[in-house]
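Proteins come first, then strands; the chains are lettered A, B, ... in the order of their sequence lines, and each starts at number 1. For the numbers below, each heavy atom of this structure counts, side chains included, while hydrogens, waters and symmetry mates do not.
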Number of protein chains: 2
Amino acid sequence: MDNLSRTFAALADPTRRAILARLSAGEANVSDLAQPFLKDMSLPAVTKHLKVLENAGLVSKGRNAQWRPCRINGEPLREAVDWMEQHRIAWEEQLDRLGTYLKAKTKGARHDHKK
Amino acid sequence: MDNLSRTFAALADPTRRAILARLSAGEANVSDLAQPFLKDMSLPAVTKHLKVLENAGLVSKGRNAQWRPCRINGEPLREAVDWMEQHRIAWEEQLDRLGTYLKAKTKGARHDHKK
DNA sequence: ACTATGATTAACTAATTAGTTAATTAACTT
DNA sequence: AAGTTAATTAACTAATTAGTTAATCATAGT
C-alpha cells in the first residue's frame with residue numbers, strides 16, 4: 001500500500017484522530033493516550049491503533065524506562081494536506097459551477113492559512 | 001460510522017483518489033471514469049468504488065439516458081481539510097521542536113493558500 | 001420487437017481490520 | 001528475589017472490504 005493511502009486509512013478512525021489530537025498538544029505515553037478510551041476498549045486495542053499510526057509514519061515512539069513516549073510526526077499529514085490542496089481549487093470551481101460557492105465563501109476566511 | 005471517517009476512508013484508496021482527481025477536471029460518466037482502470041479491474045469494481053465515494057458524499061450522480069454523469073462534491077473534502085488544518089499549527093510546532101521545521105519552511109510557499 | 005450500450009445488482013471469495021482475553025516482556029521498587 | 005507497572009505479543013473471532021463473474025435493468029437505435 002502507498003504512503004498516502006496508509007495516511008488516509010490511519011485518519012479514517014475517530015479513536016486514532018483523537019490520539020493525534022491529543023499528541024498535537026505534546027508528547028504522551030501509551031497509557032496516557034489510552035486513558036480516555038479504556039471505557040470503550042482494552043489497552044491492547046489502543047496499542048494496535050498506535051501501531052497503525054506508526055506504520056503510517058504519523059507517530060513515532062521513544063523509550064524511557066518502561067514508558068513509550070509518543071510524538072506526532074507532521075510530514076505524512078503535510079503530504080495528505082498537499083494532495084487535498086492540489087485538488088481544492090478544482091473542487092471549489094465545481095462548487096462555483098453548482099452555484100453554491102458563494103455560500104461557502106461567505107463563511108469567512110476559515111480556509112485561509114498563515115503566511 | 002461518522003462523516004469524517006467515511007471521507008478519510010474513501011480517500012484511502014489510489015483508485016478512488018484518481019477518480020476524484022479526474023472529476024476535479026469536470027463531470028464524467030461511469031465508463032469514462034472506469035476506462036483508465038479496466039486493465040486492472042472490472043467495471044463493477046469501479047461502480048463499487050464510486051458507491052464508496054457517494055456514501056461519503058464526495059461524489060453525486062445524475063442521470064442522462066443510460067449514462068450516469070458524476071460530479072465531485074467539495075463539502076466533505078472541506079471538512080477533512082478543516083480537521084487537518086485545525087491541528088496543523090500544532091504539528092508544525094512539533095516539527096519545530098524537532099528542529100526540522102526550517103527545512104519544511106524553505107521548501108517555499110507550497111502550503112500557503114489563496115486569499 | 002431486437003439488439004447494443006451503460007451501469008448496477010447478486011452471490012460469492014479472499015484478505016484485512018478492529019476488537020477480545022491471556023500470556024509475555026521489560027524495567028522499576030522494595 | 002518478588003512484586004508492580006507499562007506495554008506488547010499471541011491467538012482467536014466477527015465484521016468489513018475489494019475484488020470476481022454472471023445476471024439484470026434501463027435506455028437508445030434500428
Self-check item: From CD (A/E75) to OG (A/S60), nearest 0.5 Å
Solution: 12.5 Å
Quiz item: Which value, rounded to the nearest 0.5 Å, describes the distance between A/T7 atom OG1 and A/N55 atom CG?
Solution: 11.0 Å
Measure from the side chain of [X], starting at C-beta and using heavy atoms only, and say which of [options] lies closest.
{"X": "A/V52", "options": "C/dG6, D/dT27, C/dA18", "value": "C/dA18"}
{"X": "B/K61", "options": "D/dA7, C/dT8, C/dG6", "value": "C/dT8"}
{"X": "A/V30", "options": "D/dA6, D/dA18, D/dT8", "value": "D/dT8"}

Self-check item: Phosphate-side-chain proximity, B/H49 and D/dG19, N/O vs OP1/OP2 below 4.0 Å
Solution: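 So the side-chain polar atoms of B/H49 do come within 4.0 Å of the phosphate oxygens OP1 or OP2 of D/dG19, strictly under.
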Quiz item: Is the shortest side-chain N/O distance from B/R63 to OP1 or OP2 of D/dA26 below 4.0 Å?
Solution: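 The answer is no; no side-chain N or O of B/R63 sits under 4.0 Å from OP1 or OP2.
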Quiz prompt | Members of residues 35-47 of chain B that approach DNA chain C, where some heavy atom sits under 4.0 Å away | solution = B/L43, B/P44, B/T47
Using atom [atom1] of [X] as one end and atom [atom2] of [N] as the other, report the distance to the nearest whole Å.
{"X": "A/Q66", "N": "D/dA6", "atom1": "CD", "atom2": "P", "result": "7 Å"}
{"X": "A/K48", "N": "C/dA22", "atom1": "NZ", "atom2": "C1'", "result": "13 Å"}
{"X": "B/K51", "N": "C/dT8", "atom1": "NZ", "atom2": "C1'", "result": "9 Å"}
{"X": "B/M1", "N": "D/dT16", "atom1": "CE", "atom2": "P", "result": "9 Å"}
{"X": "A/W67", "N": "D/dT4", "atom1": "CH2", "atom2": "P", "result": "16 Å"}
{"X": "B/R68", "N": "C/dT5", "atom1": "CZ", "atom2": "P", "result": "17 Å"}
{"X": "B/D13", "N": "C/dA15", "atom1": "CG", "atom2": "C1'", "result": "14 Å"}
{"X": "B/L11", "N": "D/dA18", "atom1": "CG", "atom2": "P", "result": "12 Å"}

Practice problem: Please lay out, stage by stage, how B/D32 and B/R68 fare under the test salt bridge (charged side-chain N to carboxylate O under 4.0 Å, His left out). | Solution: CA-CA 10 Å; B/D32 300 332; B/R68 297 291 173 271; over 6 Å; no
Exercise. Assess the side chains of A/R88 and B/S24: does a donor N or O sit below 3.5 Å from an acceptor N or O?
Key: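 No pair is found: no donor N or O on one side chain lies under 3.5 Å from an acceptor on the other.
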Practice problem: Please list, chain by chain and in numerical order, all residues satisfying side-chain contact (heavy atoms from CB on, under 4.5 Å) with A/A9, sequence neighbours excluded. | Solution: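 For A/A9, the residues satisfying side-chain contact (heavy atoms from CB on, under 4.5 Å) (neighbours in sequence not counted) are B/A12.
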Quiz item: Start at the 5' end of DNA chain C and walk down; is the nucleotide closest to B/S31 or to A/A9 reached first?
Solution: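 Final value for this comparison: B/S31.
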Exercise: identify the closest heavy-atom pair between [X] and [Y]:
{"X": "A/V46", "Y": "A/F37", "answer": "CG2-CB, 4.4 Å"}
{"X": "A/A28", "Y": "A/R22", "answer": "CB-NH2, 3.5 Å"}
{"X": "B/A80", "Y": "A/M84", "answer": "CB-CE, 3.4 Å"}

Self-check item: Terminal axes of the helix from C/dA1-D/dT30 to C/dT30-D/dA1 (five pairs each): angle between them, nearest 10 degrees
Solution: 10°
Quiz item: Are any side-chain N or O atoms of B/N73 and backbone N or O atoms of B/V59, one a donor and one an acceptor, separated by less than 3.5 Å?
Solution: no
